[in-house]
Amino acid sequence: MNDYLRIAPQGDALLVTPCDPALPAFVLQRDWFGDVQNLLSTPEGTDWLGCQYFNDMDNYPILACQDGKGGLFTLWPGNGDTPACDG
């Protein structure tokens, strides 16, 4: 995946919508694993995606993710040059 995404709060979860309308949106919800409290994952019954979230030195969020097939990727906020999704 090399695309822009829109991430918006949805209750206690995050709704992630790719800018490409051909790609499906998905929900990341809090996932507790022992004492680790900064985990998010897709709900049971959907394609699995797990993310651990951090803040960088400027307090911007970073999501380090892995999908169910072993793919690794990182999501981070865009800057002023990042185009907005249409619609």
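Not counting sequence neighbours, T17 has no partner by the side chain to side chain donor-acceptor pair (under 3.5 Å) test. Partners of N38 under the side chain to side chain donor-acceptor pair (under 3.5 Å) rule, at least two apart in sequence or in another chain, are Q52. With sequence neighbours left out, the side chain to side chain contact (heavy atoms under 4.5 Å, CB included) criterion links P61 to P77. With sequence neighbours excluded, the residues that form a side chain to side chain contact (heavy atoms under 4.5 Å, CB included) with D58 are D56, Y60. Every residue two or more places apart in sequence or in another chain that forms a side chain to side chain contact (heavy atoms under 4.5 Å, CB included) with S41 is listed here: D31, W48. With sequence neighbours left out, N59 forms a side chain to side chain donor-acceptor pair (under 3.5 Å) with N55. The side chain to side chain donor-acceptor pair (under 3.5 Å) check on D20 picks up nothing, with sequence neighbours excluded.
Contact annotation: the side chain of L49 approaches that of F26 to within less than 4.5 Å [non-hydrogen atoms, C-beta and beyond]. For the pair V27 and T42, the minimum side-chain heavy-atom distance is 4.5 Å or more.
Residues Q29 and P43 share a closest heavy-atom pair of NE2-CA, 3.6 Å. Between Y53 and Q37 the shortest heavy-atom distance is OH-O, 3.3 Å. Between P18 and A25, the shortest heavy-atom contact is CD-CA, 4.0 Å.
When hydrophobic clusters are built by joining Ile, Leu, Val, Met, Phe, Trp and Tyr residues whose side-chain heavy atoms come closer than 4.5 Å, directly or via intermediates, L39 is not grouped with F54.
Through direct or relayed side-chain contacts under 4.5 Å between Ile, Leu, Val, Met, Phe, Trp and Tyr, M57 connects to no other residue.
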Validation: residues 63-73 side-chain donor-acceptor distances under 3.5 Å, sequence neighbours left out:
from : atom 1 : to  : atom 2 : distance (Å)
D67  : OD1    : K69 : N      : 3.0
D67  : OD1    : G70 : N      : 3.0
D67  : OD1    : G71 : N      : 2.6

